[in-house]
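Quick caveat, the model's predicted, so the values are computed rather than measured. Each chain gets a letter, A, B and so on, in the order its sequence line appears, and its residues count up from 1.
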Number of protein chains: 2
Amino acid sequence: MLAKIKAAKESLRNSEKKVADAVIADPDSAVQSSIHAIAIRAGVSEPTVIRFCRALDCVGFQQFKLKLAQDLARRGTFFYQDVTAEDTSGVLANKLLDGAIASLVQIRNQINEEALDKAIALYESCSRVELYGSGGSAVVAEDAQLKFFRLGKPAIAYSDPHIQHAAAALLDRDALVIAISHSGRSSDILKTVEIARASRAKVISVTATRSPLAQSSDVALTVDVNEDSDIFSPVKSRLGQMVVLDVLAVGVAVRGGDHMLEQLAKARRAIDFKFV
Amino acid sequence: MLAKIKAAKESLRNSEKKVADAVIADPDSAVQSSIHAIAIRAGVSEPTVIRFCRALDCVGFQQFKLKLAQDLARRGTFFYQDVTAEDTSGVLANKLLDGAIASLVQIRNQINEEALDKAIALYESCSRVELYGSGGSAVVAEDAQLKFFRLGKPAIAYSDPHIQHAAAALLDRDALVIAISHSGRSSDILKTVEIARASRAKVISVTATRSPLAQSSDVALTVDVNEDSDIFSPVKSRLGQMVVLDVLAVGVAVRGGDHMLEQLAKARRAIDFKFV
DNA sequence: TTAGGGTTTGTAATAAAACTACACAATGAA
DNA sequence: TTCATTGTGTAGTTTTATTACAAACCCTAA
């Protein structure tokens with residue numbers, strides 16, 4: 001629509017051109033304005049605005065506004081923008097959400113199907129799962145625990161590194177570790193994984209590509225995200241980790257066939273009803 | 001917007017529900033209709049249609065139509081698809097990520113700037129924060145705690161409803177509660193908030209539009225998401241809640257000026273290095 | 001240059017849509 | 001049952017969009 005206005009502009013009458021300029025100058029406010037407001041802003045009369053709409057193949061002003069609104073909604077995908085002290089809270093929210101969306105899109109484009117299949121296979125051949133994550137990643141580990149313990153095998157999350165060490169030492173070859181870390185460079189988690197592997201447990205890591213943690217695990221589900229703009233701890237990678245673990249859990253569930261899916265749906269409804 | 005309508009439907013009055021049904025049944029024609037036409041199709045009076053729009057946080061019918069139109073325009077980029085047992089893990093991952101992305105886009109389009117400003121003001125005027133969430137929302141509460149305790153005021157998260165009750169009873173007028181719940185209908189969280197308000201604490205809720213929890217809090221930061229396709233507990237609303245709380249925390253931080261932002265950046269680097 | 005055709009634009013009136021105020025009806029608690 | 005509260009519709013008001021028409025403009029040709 002905006003393109004259409006620009007293209008049609010030359011063939012418009014003079015005062016209609018003024019309308020075109022006013023709309024192009026600030027399309028966002030145009031969709032919220034009445035004919036009256038636009039007429040004033042363009043310095044023309046109200047019927048001129050209607051004639052402008054008709055020139056653009058719209059039956060009236062309302063339809064024009066609707067088409068323009070839909071156009072604006074579609075424009076511009078999502079990208080990072082740093083927040084500044086001058087942003088209103090609405091602008092701020094949009095920037096942060098755009099960033100979060102952009103990072104999920106990035107993850108979507110980076111999925112390693114092979115790793116995912118391997119990870120699913122590892123879950124299927126294990127008898128229990130332990131999830132390790134500290135700091136921000138502890139939250140992700142707990143969230144994943146909620147999913148995995150419904151899949152039929154014991155699942156437990158530890159966030160304290162000392163307890164992780166102790167737990168890892170008690171694992172055996174039937175245990176599966178899921179180690180979560182944004183950077184994959186924290187000495188605590190590396191030590192924990194080392195101990196776990198010494199106990200012959202399998203290790204899936206959810207972390208950054210080619211990080212030490214990724215390299216020392218059997219399968220790495222990588223989550224790489226542009227974190228520069230995060231003020232707090234990395235929210236975006238947290239979101240990404242949660243989604244990737246959801247993918248893993250759903251992947252396992254789907255392999256279990258319709259029966260398992262139904263059971264999970266039931267479980268979900270029961271829990272939703274009470275808790276969420 | 002459609003998700004918002006679905007989420008709010010239960011809390012609407014009977015004849016408003018008829019409007020909701022009519023809109024959901026054929027949203028495409030709804031955006032082209034006048035109040036009159038929609039009123040007839042839903043079998044209600046015209047003011048009821050307007051009241052329906054207002055219930056959805058729109059200032060009037062026009063704004064409602066505009067938002068709905070934009071919503072419809074945006075759909076189709078990323079959209080929900082149910083997973084099936086035949087999906088390869090790659091397809092599965094794409095479907096789930098698309099769904100997650102779509103839900104964040106929805107949230108982005110629903111930001112209530114006014115509520116956000118109020119929430120920021122509430123934080124600024126409180127002396128400490130308590131975060132309450134159970135089940136899946138407990139994870140979100142913990143995540144938010146990590147952010148808020150860096151902002152300079154004590155912040156603590158409780159996930160056990162009994163402890164929440166006890167904690168809420170001990171609050172005073174300087175305390176701020178952030179209550180997190182997907183449905184906003186769990187009796188536990190409602191009871192907790194009731195106690196908190198009796199203690200004269202302020203309450204921000206992160207929950208579904210017009211849910212009982214939203215209605216019984218001072219400010220509601222609404223997160224409405226289409227959860228039909230989730231196999232496990234609502235992942236998407238979890239993501240949304242986390243992002244919304246991130247927006248709130250960043251909003252507070254930004255109001256603190258450049259000095260605060262620098263400090264947070266420092267804190268972040270220190271913690272990243274060690275933990276994440 | 002100016003009279004007359006068409007074209008462009010605005011004014012004012014009309015129609016339609018959105019919205020408000022209020023009153024009646026339904027519902028639920030005392 | 002009565003009273004209070006909530007919900008819903010009717011009728012009127014305001015705002016917005018649209019139409020009809022006339023003034024202004026511009027070009028061409030006498």
NZ/B/Lys118: more than 12 non-hydrogen atoms of other groups inside 6.0 Å: no
Strand contacts (DNA chain D) in residues 46-56 of chain B, 4.0 angstrom heavy-atom criterion: B/Pro47, B/Thr48, B/Arg51
If you count every heavy atom of other residues, nucleotides or ligands that lies below 6.0 Å from B/Glu114 atom CD, does the total exceed 12? no
Between B/Lys236 and B/Asp224, does at least one N-O distance fall below 4.0 Å, as a salt bridge requires? no
For the residue pair B/Ser127 and B/Lys153, establish whether any side-chain heavy-atom pair is separated by less than 4.5 Å. no
Is the backbone of B/Gly184 close enough, under 3.5 Å, to the side chain of B/Thr207 for a donor and an acceptor to pair up by distance? yes
Short of 4.0 Å, heavy atom to strand atom, which residues of residues 8-44 of chain B count as contacting DNA chain C? B/Ser34, B/Ile35
Considering non-hydrogen atoms only, spot the tightest contact between B/Ala138 and B/Ser159 and give its length. CB-CB, 3.4 Å
Short side-chain N/O contact to D/dT16 OP1/OP2 from B/Gln62, under 4.0 Å: no
Sorted by chain and residue number, the ring pair (Phe, Tyr, Trp, His ring centres under 6.0 Å) partners of B/Tyr123 (sequence neighbours excluded) come out as B/Phe148
Tell me whether B/Asp57 contacts the main-chain N or O of B/Asn112 through its side chain, where contact means a donor paired with an acceptor under 3.5 Å. no
